[in-house]
Asks: 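Sharing a structure here in structure tokens format.
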Amino acid sequence: MKKKIAKLCVSFALLMGGIATSGTVSLILCIAAFLLCGAEVVINAVKNILSGEFLDECFLMSLASVAAFLTGQYPEAVAIMLFYGVGELFCDHATERSRDSVAHLMDLKTEEAYIKKDGSVIKVDPSEIKVGDTVVVSAGQKVPVDGKIISGSTSFDTSSLTGESIPRDAAAGDTAVSGFINLTGTVEIEAAATFEDSTVSSILKLIEESTDKKSHAEKFITKFAKYYTPAVVLGAVLIAAITPFVTDLNLSESITRALSFLVVSCPCALLISVPVAFFGGIGAAAKHGVLIQGSNMIEALAKADKAMFDKTGTLTDGTFHVSRIHSEHLSENELLKLAAYAEYNSTHPISVFIKKESGIEIDAGRISSSEEMSGYGVCTVIDGKRVLVGNQKLMKKESITCAAVETGCVLHVASDGVYEGYIVISDRIRPEAPKAIRKLHEIGVSKTVMLTGDTESAAEKVAKAAGIDEFKANLLPNDKSAEVEKALSGNPLIFVGDGINDAPSIARADIGVSMGGLGSDAAISASDVVLMNDRLESLPKTILLSRKTIRIAKENIVLSLFVKFAVMILCGFFGADLWYAIFADVGVCILAVLNALRTLKLKF
Ligand code: ADP
Ligand code: MG
């Protein structure tokens with residue numbers, strides 16, 4: 001960057017010298033200036049032609065400046081290259097800035113980690129950490145891998161992941177997600193995933209891939225440039241060849257005209273400013289804890305008009321409480337413990353709650369196998385006994401007669417085919433859910449639907465409280481994705497899930513959104529948008545942000561095309577000066593990029 005600036009400055013000084021002097025001295029100064037700022041562009045143009053990809057902007061610029069040189073317009077020839085260089089520099093800077101705001105997420109990565117081994121703490125590379133290792137994280141350090149705190153308490157700065165500025169308190173039993181910064185105490189964390197499988201790695205992968213997913217607007221521009229450049233070259237040749245016959249200009253004057261036509265026609269304003277606008281939009285969202293996987297999703301979000309939601313963990317916040325326990329043989333407490341053991345391997349919000357509620361330390365040695373049946377519950381072998389915990393459907397499937405309970409979310413428990421009783425839990429609707437749904441309707445999302453595996457009565461209560469238009473209950477995960485499939489048509493469809501057991505629906509929808517993706521690798525890689533801040537109201541905000549981003553990108557397309565065509569006509573047909581063409585070209589490029597950079601500052 002600095003080298004580039006220095007080159008341009010020296011070249012500018014030489015050009016000034018060239019203009020001030022005359023004759024051979026002027027020519028030598030101009031040639032020196034040209035070589036400094038233009039040689040690279042000409043070399044690039046030649047390289048591109050050799051690789052079969054000619055007629056790009058390097059070619060346009062080289063053609064224009066070399067032709068200017070040949071017709072004796074030395075200072076103009078230098079100016080074309082010089083200002084093209086300035087424009088490029090400016091655009092590089094803009095791209096870098098928009099990239100920065102996404103890249104501050106890159107800062108999540110830790111270079112070193114400390115693990116406990118044979119009683120002493122040793123330093124290792126994060127990639128060497130194995131599942132089950134005890135990782136020691138002191139104040140000021142970043143959590144290297146996802147895991148569970150086993151001792152100590154602290155508060156975490158989660159802002160680079162969630163955009164949340166208030167530190168999050170955490171103590172033994174809580175999860176620690178890679179990328180959190182430990183602010184106060186030292187904690188020991190049991191690694192639940194390797195570095196490769198941790199949240200930070202999946203986010204980084206996502207960001208790397210996001211630039212490959214191009215929006216229609218960007219694809220349009222690439223296509224446009226393909227036909228545009230040859231058309232422009234042809235136009236310039238025609239102007240040079242025909243004007244001497246139809247006007248009283250001589251050949252050299254008509255070539256000058258063709259040249260200015262070439263200079264202003266360079267589409268760099270368009271080529272650079274539109275991707276910068278999209279990148280800025282993605283960056284602005286990232287700053288607030290919303291990851292958008294590519295510009296095509298910005299486009300889809302802006303047009304979305306239907307949204308479907310999962311219930312547990314999405315419209316409700318997953319903080320449950322036990323409202324009733326009924327046990328056939330064991331004490332209530334023992335039933336809860338049995339359920340907690342059965343849920344040991346599951347990450348479902350229900351399991352997380354049951355384990356916490358039981359308050360016991362689980363001895364994993366007693367568990368020999370466990371299976372999660374999405375939409376039903378879990379089946380785990382504990383001390384050789386096959387324990388089932390789940391809903392009525394699960395009991396029916398296993399031919400176990402269970403008590404009929406109508407209210408709330410009911411977890412039936414059975415051990416080796418014997419019914420043990422049930423636990424009724426209820427969860428709380430997210431406090432921000434009604435407002436978020438209202439906002440969605442306000443901004444033009446015409447229909448909201450809730451899909452749930454829970455019972456009709458539990459579903460109705462939540463749908464009503466959240467202000468959801470429609471709901472469907474008693475669905476298995478497969479039924480959910482079938483519902484999503486059915487609803488696909490016309491404008492893009494959003495599905496919001498917790499990402500743990502809704503992956504099929506998230507993948508099926510046009511825009512798969514996962515909430516609370518933190519700590520769930522599968523959720524992050526399956527979804528198009530991740531609300532890492534775990535806030536439902538981010539959804540309408542992200543839609544609005546996308547619309548603004550699209551508007552800015554469109555403004556740029558219209559602005560640059562309009563100015564281009566206007567100046568092209570002025571230069572080609574009315575003989576505006578070559579200098580005018582040079583300034584118009586750089587001017588529109590800078591304007592467009594400045595406009596694109598506004599996306600970075602969009603309110604969220
Ligand atoms: P939702 O659509 O509300 O998110 P899920 O599809 O996650 O529901 O689950 C549907 C139902 O299946 C739950 O209401 C519960 O009864 C049962 N269930 C699912 N997973 C578990 C589990 N790990 N433990 C107990 N019950 C479960
Ligand atoms: Mg769910």
Side-chain angles (χ1 to χ4, degrees), residues 94-108 158-165 179 199-200 202-218 274-304 307 432 436 439-440 443 445 492 494-497 499 506 509-518 523-554 595-604:
T95 319
E96 223 164 81
R97 258 198 63 193
S98 59
R99 222 166 262 261
D100 265 358
S101 65
V102 179
H104 88 279
L105 287 165
M106 301 276 187
D107 205 30
L108 299 169
T158 68
S159 60
S160 48
L161 283 175
T162 63
E164 178 64 70
S165 53
T199 307
V200 161
S202 26
I203 292 173
L204 294 181
K205 221 183 297 154
L206 186 155
I207 293 171
E208 274 158 27
E209 287 165 3
S210 77
T211 33
D212 298 340
K213 294 179 187 152
K214 294 233 168 9
S215 62
H216 286 301
E218 287 164 296
V274 173
V276 168
F278 280 108
F279 221 91
I282 293 177
K287 262 191 221 157
H288 294 93
V290 177
L291 277 182
I292 302 176
Q293 302 217 23
S295 352
N296 55 343
M297 280 305 140
I298 297 238
E299 226 160 24
L301 278 164
K303 280 190 274 182
E432 81 273 17
K439 187 83 195 162
L440 277 177
I443 63 171
V445 174
I494 301 174
F495 179 86
V496 192
I506 288 179
D510 298 310
I511 308 164
V513 182
S514 65
M515 304 247 331
L518 276 188
I524 291 175
S525 46
S527 32
D528 304 306
V529 177
V530 187
L531 307 182
M532 292 200 298
N533 55 17
D534 209 16
R535 293 241 183 97
L536 213 47
E537 78 257 31
S538 292
L539 185 63
K541 284 182 182 170
T542 307
I543 294 178
L544 286 177
L545 180 97
S546 302
R547 290 187 189 161
K548 285 185 205 145
T549 304
I550 296 280
R551 196 164 64 224
I552 290 177
K554 278 193 180 146
N595 190 39
L597 281 179
R598 287 197 307 149
T599 50
L600 266 183
K601 301 223 177 74
L602 283 177
K603 275 227 195 72
F604 191 80

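All heavy atoms count here, side chains included; hydrogens, waters and symmetry mates do not. What you see is a predicted model, and the numbers here were worked out from it, not measured in a lab.
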Asks: Please find the pair of heavy atoms, one from Val513 and one from Ile506, that lie closest to each other, and give the distance.
Replies: O-CD1, 3.7 Å
Asks: Using side-chain heavy atoms (C-beta onward) and a distance below 4.5 Å, is Ile550 in contact with Phe278?
Replies: yes
Asks: Begin from the C-alpha positions of Ile494 and Ile543 and carry the test side-chain contact (heavy atoms from CB on, under 4.5 Å) through to its verdict.
Replies: CA-CA 11 Å; Ile494 301 174; Ile543 294 178; 3.9 Å; yes
Asks: Going from CG on Asp510 to CE on Met297, what distance comes out if it is rounded to the nearest 0.5 angstrom?
Replies: 7.5 Å
Asks: Apply side-chain contact (heavy atoms from CB on, under 4.5 Å) to the pair Leu544 and Arg547, showing each step before the final yes or no.
Replies: CA-CA 5 Å; Leu544 286 177; Arg547 290 187 189 161; 4.3 Å; yes
Asks: So which atom in Val274 and which in Ala553 form the shortest heavy-atom distance, rounded to 0.1 Å?
Replies: CG2-O, 4.0 Å
Asks: If you round to the nearest 0.5 Å, how far is NZ of Lys548 from NZ of Lys601?
Replies: 14.5 Å
Asks: Using the test side chain to side chain donor-acceptor pair (under 3.5 Å), find all partners of Thr542 that sit at least two apart in sequence or belong to another chain.
Replies: none
Asks: For Arg598, what residues pass the salt bridge (charged side-chain N to carboxylate O under 4.0 Å, His left out) criterion, not counting sequence neighbours?
Replies: Glu555
Asks: Roughly how far, to the nearest 0.5 Å, is the OG atom of Ser159 from the NE2 atom of His288?
Replies: 11.5 Å
Asks: Considering all heavy atoms of both residues, which atom of Glu432 and which atom of Leu536 are nearest to each other, and what is their separation?
Replies: OE2-N, 3.2 Å
Asks: Rounded to the nearest 0.5 Å, what's the gap from CD1 on Ile298 to CG on Leu545? Could you check?
Replies: 6.5 Å
Asks: How close do Ala307 and Leu440 get, counting heavy atoms only, and between which atoms?
Replies: CB-CD1, 4.5 Å
Asks: Roughly how far apart are Ser546 OG and Ile282 CD1, rounded to 0.5 Å?
Replies: 9.0 Å
Asks: Which pair of heavy atoms, one from Met515 and one from Leu531, lies closest together, and at what distance?
Replies: SD-CD1, 3.6 Å
Asks: Looking only at non-hydrogen atoms, find the nearest pair between Pro540 and Ile443 and report the distance.
Replies: O-CD1, 3.8 Å
Asks: Holding to side chain to side chain donor-acceptor pair (under 3.5 Å), I want the full list of residues that pass it with Thr599, two or more places apart in sequence or in another chain.
Replies: none
Asks: With heavy-atom distances below 4.5 Å as the criterion, would you say the side chains of Asn296 and Asp528 are in contact?
Replies: no
Asks: Scan Leu301, Leu539, Val496 and name whichever one has a side-chain contact (heavy atoms from CB on, under 4.5 Å) with Val529.
Replies: Leu301
